[in-house]
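The structure appears below as structure tokens.
Counting starts at 1 for both ligands and their atoms, in listed order. Just so you know, residue 1 is the first one in the sequence shown, and it goes up from there.
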Amino acid sequence: MDRFQELIAEASRCLDCKHKPCVVACPAGNDIPGLMKALKKGDFSGAKALWDKTSNLPELCGALCQQEVMCEGACTLNKVKKPVKIGEVERGLALLFWGEAERPVKTIDHTHLVIGMGPAGLANAIAMAQMGYLVDAVDANPRIGGAIWNLVPPFRFDANDLSSIEVKLAKLGVRVKYNFLVGRDAALADLIDQYDSVFIAHGLDVPQLVPGFAGPDVFYAIDLLNRVRHSPVDLDRLVGKRVVIVGLGSVACDTARTIARLGRDVQIVYRRTLSEAPASPKEIAETLAEGIRIDVLLNPKTFNNGILGCERTELVKDDQAPRGRIVSVPGSNVEIACDTVIFAIGQASSDAVFAGTEIVLRPDRSPYATNDPNVFVGGDRVIKEKRIVDAMVSGIEVARLIWEECRCDLR
Ligand SMILES: Cc1cc2nc3c(=O)[nH]c(=O)nc-3n(C[C@H](O)[C@H](O)[C@H](O)COP(=O)(O)OP(=O)(O)OC[C@H]3O[C@@H](n4cnc5c(N)ncnc54)[C@H](O)[C@@H]3O)c2cc1C
Ligand code: SF4
């Protein structure tokens, strides 16, 4: 079977359900049954056109969305057999239309700057350029992709897949300046003066610190993953033989698998149970398959002389805490001998990009609004679910907001 036939065969499995549970479960609201119907008929362009209405980063979403807890998890076919492989179809279609984008004939006399070319900034730049705006973009990194390029390890995402998006940006006339840090290479206030509108999607750049843990053998996961991209040799020198990772999200799993591949003995501890973990069942299964132990209902309290002192926890029902409230089990101390402890319990934003300005977020107006009507903020910095698809949706929504608010003239 060639690639076209494979896509048609997979799409033909779709039942075209009346209530469209997959659409409801997709944070972008992609018309999955509609595009499967088009694919069944061999109408690849029609399928792409439907996808383009709600999504513009199929290269990233197809590869890295947690489909098994989103669209595929909701697919009716789960009741009888395997769900439609929606993620694979999305990736297949992205490959088929690799780098394809068309600049509109008419442009809009409105300049727009995107700061940060992670999923939110990319989605915004593409959507704005497709509507005809004159778009410039800057990023502190030497490549697009944000956390996907910088932190997701190569065994989970092939950075070459970013080339398709880079080609699209070029075709759409988006001019990207790399290695450009706003705050160092230009002041945000000056950029706001130069452009008609600005979208800031600077992501989460600092780890959530854990008080009481410090020292040369205590690390934060995003700092270490950064080194994998920039200087892998360092990582090998930094971590000891027995490594404990605290947390059970995507970042924890990626860090554990990266370090296990250096030949270390890796264990994850998590204070809730597997079913409450932010990592998807697939990520957890892949982590376990690499020989990494996962111990749940354990909360680290101290790390001294190579011993991580933990307390056992249990979850009690609490109306204020939907995932249950964590309580310590009295007298339940557990000691784990290890050389290195790595925290992967979440990230925050330094907001250094706003330095020297009066810009503040105005969530009372919209999730993306600031006190300057021409400046918007999107992506992980403001959205609840820290996922690629939600970051993409925020970028597209801001493009629509600007279109509605500016009522720009086509020229
Ligand atoms: C290890 C890891 C694994 C993940 N795995 C998944 C997954 O499997 N599935 C999933 O859906 N999500 C995953 N995520 C989450 C996902 O990567 C984020 O939700 C998403 O990247 C957020 O996009 P963003 O555009 O808001 O920010 P980011 O991707 O963080 O991009 C922000 C960009 O802004 C740039 N920037 C910041 N400050 C400045 C400045 N002052 N000047 C210029 N540029 C600046 C940065 O260089 C960066 O490129 C993972 C995250 C990590 C860290
Ligand atoms: S739930 Fe599954 S079978 Fe039903 S429309 Fe969506 S993809 Fe098709």
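- The option from R156, R387, Q66 that lies nearest to atom 6 (C) of ligand 1, judged by heavy atoms, is R156.
- Checked by atom type, the side-chain pair H202/D380 shows no donor-acceptor distance below 3.5 Å.
- Listed by number with element, the atoms of ligand 1 under 4.0 angstrom from any heavy atom of L151 are 1 (C), 53 (C).
- For the 3.5 Å distance criterion, the side chains of N299 and T313 fail to qualify, holding no donor opposite an acceptor.
- Considering backbone and side-chain N/O atoms, G378 never comes within less than 3.5 Å of an N/O atom of ligand 1.
- Contacts with ligand 1 closer than 4.0 Å are made by no heavy atom of N150, backbone or side chain.
- Taking the six-membered ring where the residue is Trp, the centroids of F343 and F219 are separated by 6.0 Å or more.
- A donor atom on one side chain and an acceptor atom on the other are not found under 3.5 Å apart for E397 and S394.
- Checking H202, R143, Q67, M392 against atom 36 (N) of ligand 1, the nearest heavy atom belongs to H202.
- Between the side chains of N30 and T54, a donor-acceptor pair is found at a separation under 3.5 Å.
- With a 4.0 Å cut-off on non-hydrogen atoms, A391 touches ligand 1 through its side chain and not its backbone.
- At a cut-off of 3.5 Å, with distance as the only test, a side-chain donor of D295 or Q267 sits close to an acceptor on the other residue.
- Formation of a donor-acceptor pair under 3.5 Å by the E72 side chain with backbone atoms of I86 is found in this model.
- Looking only at distances, no side-chain donor or acceptor of N150 sits under 3.5 Å from a matching main-chain atom of N141.
- Contacts between F180 and ligand 1, counted as non-hydrogen atom pairs separated by less than 4.0 Å, involve the backbone only.
- Comparing heavy-atom distances from atom 49 (O) of ligand 1 across T255, V114, D139 singles out D139 as nearest.
- Atom numbering of ligand 1 starts at 1 in the shown order; those under 4.0 Å from a heavy atom of L225 are 1 (C).
- Ligand 1 does not have D205 within reach: every non-hydrogen atom of the residue lies 4.0 Å or more from it.
- The closest side-chain donor-acceptor pair between Q130 and E102, if any, does not fall under 3.5 angstrom.
- For ligand 1, the polar-atom distance check finds an N/O of A140 within less than 3.5 Å of one of the ligand's N/O atoms.
- Y195 and D136 share a donor-acceptor pair across their side chains, judged by distance under 3.5 Å alone.
- When heavy-atom distances to ligand 1 are checked against a 4.0 Å cut-off, D380 comes that close through both its backbone and its side chain.
- P119 counts as a contact of ligand 1, since one of its heavy atoms falls under 4.0 Å from the ligand.
- Proximity of G183 to ligand 1 is not established, as no heavy-atom distance is less than 4.0 Å.
- Polar contact with ligand 1: absent for I148 (N/O pair, distance under 3.5 Å).
- For ligand 1 and D254, the ligand atoms under 4.0 Å from any heavy atom of the residue are 1 (C), 2 (C), 3 (C).
- For A147, a nitrogen or oxygen atom sits less than 3.5 Å from a nitrogen or oxygen atom of ligand 1, counting backbone and side chain alike.
- In the vicinity of A201, heavy-atom distances shorter than 4.0 Å reach the ligand 1 atoms 32 (C), 33 (C), 34 (O).
- Interface atoms of ligand 1 facing G116, defined by a heavy-atom separation under 4.0 Å, are 33 (C), 34 (O), 35 (C).
- Looking at K386 and D390, no side-chain N of the basic residue comes within less than 4.0 Å of a carboxylate O on the acidic one, giving no salt bridge.
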